Amino acid sequence: ARRFQWPLLLVWAAAAGTGSAQGVQTENVTVAEGGVAEITCRLHQYDGSIVVLQNPARQTLFFNGTRALKDERFQLEEFSPRRVRIKLSDARLDDEGGYFCQLYTEDTHHQIATLTVLVAPENPIVEGREQAVEGGEVELSCVVPRSRPPAVLRWYRDRKELRGVDSRQENGKVWSVASTVRFQVDRKDDGGIVTCEAQNAALPPGHSKQTQYVLDVQYSPTARIHASQAVVREGDTLVLTCAVTGNPRPGQIRWSRGNESLPERAEAVAETLTLPGLTSLDNGTYTCEAGNKHGQARAPYVLVVYDPGAVVEAQTSVPYAIVGGILALLVFLIICVLVGMVWCSVRQKGSYLTHEASGLDEQGEAREAFLNGGDGHKRKEEFFI
Ligand SMILES: *[C@@H]1O[C@H](CO)[C@@H](O)[C@H](O)[C@H]1NC(C)=O
Ligand SMILES: *[C@@H]1O[C@H](CO)[C@@H](O)[C@H](O)[C@H]1NC(C)=O
Ligand SMILES: *[C@@H]1O[C@H](CO)[C@@H](O)[C@H](O)[C@H]1NC(C)=O
Ligand SMILES: *[C@@H]1O[C@H](CO)[C@@H](O)[C@H](O)[C@H]1NC(C)=O
């Protein structure tokens, strides 16, 4: 009896094979709006039967490889015994739905590939509610009008995340999302950057859309006077510069001199006051003043005009003298070393002193020539090529 079991088993296996293997198989597809989607129908043991592809409205796109619907966005990419592959370019939201892959054999097979269209967020729109003023609060809103799935919004300031208050609204198939943040601002925040970042599954992993917002914080002005020189003698020309800050920037800078009027020779242009041909009569406290709608600032400068011959030890002259002394010493040392090197190289060549006490060294980018004046007085010249 055992002998006859083998042929029976084979007949059963063949019947099972023809029954289940003829058919189609598809996969669901996700595409970003405007992108390219590929819908693939895998064929099993294809025997030349008719293959029909239909869109979600059950209109026939391709009838056994021949275009049926006049929509050039659909292209037949492949029709082989193994698979039928179509490409949809510039995918739109209303392309969404089930695409039918039908195989007409004795018993019709079909499979549905569900196409999902996602919408990537555009760069968010960031706006400030009202003008920010130092000491007050700023309220910023970040809006992404279209996204699917709803975009996740995040706020950053100096790489620190800020917590926003989110809201979302569904408009047909897409979402409008918004987020607002509030925080205190100071004058140092003026010009600072706040970033709103939007992310969803329609963007490639690790990608986001960002918009930077530059904070505009208004504040009252400050003023400081810089003088063109530290010590002023009779006959000198002094230029005073008034450095002002403030947002909005103070428009006009006013110069004054205590209760007295400015010398007639004085010339005030924008932030500078030029005082030519100074005499001791010009002594006094000079003030620059600037204002905006948030306040006023003033800076004084006490002018003391000395006699032309007066010996005045200005603080700034001391460091210059020290620096100058160090530089002179350094130059002297370098010259000594170079002279030593020239001396050594002349001796190593075994040549006797056929040259005078002057050497010429042509190495590197700098050519230096030394002229020995005989009593320790040296002149150094450098040519940079
Ligand atoms: C359908 O198309 C395939 C591939 O071009 C072809 O081999 C087959 O014969 C066609 N079937 C019919 C019924 O026309
Ligand atoms: C394809 O999508 C449809 C509809 O969303 C779902 O019912 C089906 O299970 C999905 N198939 C696969 C293989 O994920
Ligand atoms: C300015 O003049 C007023 C009166 O004319 C006087 O009281 C005040 O002390 C003066 N101020 C200065 C800085 O000289
Ligand atoms: C101006 O100041 C200098 C230095 O203090 C002084 O010598 C001079 O007399 C002053 N001149 C006037 C007019 O006050």
Side-chain angles (χ1 to χ4, degrees), residues 30 32-35 93 117-226 241-253 271 290-299:
T30 299
E33 190 182 39
L93 277 172
V117 180
L118 305 181
V119 180
E122 290 292 319
N123 285 334
I125 302 154
V126 182
E127 277 169 354
R129 169 151 297 183
E130 54 194 29
Q131 179 60 56
V133 179
E134 70 172 326
E137 271 196 331
V138 63
E139 182 177 322
L140 302 180
S141 69
C142 177
V143 175
V144 172
R146 276 181 94 246
S147 61
R148 183 175 194 231
V152 174
L153 302 181
R154 286 195 187 85
W155 290 96
Y156 293 97
R157 185 168 168 218
D158 304 329
R159 298 204 187 135
K160 271 209 311 257
E161 190 167 350
L162 304 176
R163 190 175 297 238
V165 180
D166 300 340
S167 62
R168 57 168 71 168
Q169 204 182 341
E170 204 169 1
N171 285 327
K173 287 184 166 183
V174 297
W175 294 83
S176 167
V177 295
S179 180
T180 54
V181 280
R182 285 177 74 89
F183 50 90
Q184 279 239 323
V185 282
D186 208 343
R187 59 175 58 210
K188 67 179 189 307
D189 297 317
D190 185 42
I193 287 171
V194 180
T195 305
C196 180
E197 183 190 85
Q199 245 175 336
N200 79 354
L203 290 169
H207 283 65
S208 65
K209 291 292 177 100
Q210 301 189 343
T211 299
Q212 294 194 328
Y213 182 86
V214 181
L215 290 171
D216 176 28
V217 181
Q218 294 196 340
Y219 55 94
S220 58
T222 64
R224 261 182 75 189
I225 292 180
H226 299 283
T241 306
C242 185
V244 297
T245 67
N247 181 16
R249 257 200 108 63
Q252 208 193 341
I253 292 166
E271 74 278 357
N292 65 13
K293 60 179 166 182
H294 300 291
Q296 299 284 324
R298 44 191 292 140

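If you're wondering where the values come from, they're calculated on a predicted model, not measured in any experiment.
- Of the inter-residue distances, the one linking Arg182 atom CZ with Leu162 atom CG reads 13.5 Å to the nearest 0.5 angstrom.
- The shortest heavy-atom contact between Ala290 and Pro250 is CB-CB, 3.7 Å.
- Between Asn171 and Ser176 the shortest heavy-atom distance is ND2-CB, 4.0 Å.
- Not one N or O on the side chain of Asp166 forms a donor-acceptor pair closer than 3.5 Å with the backbone of Val177.
- Residue Asn247 holds its CG atom at 9.0 Å from NZ of Lys293, rounded to the nearest 0.5 Å.
- By the 4.5 Å heavy-atom criterion applied to side chains, Ile125 and Pro145 are counted as neighbours.
- Asp216 places no side-chain N or O within donor-acceptor distance of the main-chain N or O of Gln131, the cut-off being under 3.5 Å.
- In this structure, Asn292 contributes its side chain and His294 its backbone to a donor-acceptor pair below 3.5 Å.
- Here the CG-CG distance, from Leu215 to Asp189, works out to 6.5 Å after rounding to the nearest 0.5 Å.
- Between the side chains of Arg187 and Ser220, a donor-acceptor pair is found at a separation under 3.5 Å.
- Between the side chain of Thr211 and the backbone N or O of Pro124 there is at least one donor-acceptor pair closer than 3.5 Å.
- Val174 places a side-chain heavy atom less than 4.5 Å from the side chain of Leu93.
- Counting only distance, with no hydrogens or angles, the side chain of Asn200 and the backbone of Ala202 share a donor-acceptor pair below 3.5 Å.
- Annotation: Glu137, atom CD; neighbour count of heavy atoms from other residues, nucleotides and ligands within 6.0 Å is above 12.
- With Trp155 as the partner, the side chain to side chain contact (heavy atoms under 4.5 Å, CB included) test is satisfied by one option alone out of Thr180, Leu140, Thr195: Leu140.
- Here the CD atom belonging to Glu197 is positioned 12.0 Å from the NZ atom belonging to Lys209, to the nearest 0.5 angstrom.
- Atom CZ of residue Arg148 and atom CD of residue Glu33 lie 9.5 Å apart, to the nearest 0.5 angstrom.
- Taken from SG in Cys142 to CD in Gln210, the straight-line distance is 10.5 Å, to the nearest 0.5 Å.
- Evaluation of the salt bridge (Lys or Arg N to Asp or Glu O under 4.0 Å) rule for Glu271 yields no partner, not counting sequence neighbours.
- Minimum heavy-atom separation, Val144 to Pro121: CG1-CB, 3.6 Å.
- At distances below 3.5 Å, at least one donor-acceptor pair connects side-chain atoms of Arg249 with backbone N or O atoms of Val244.
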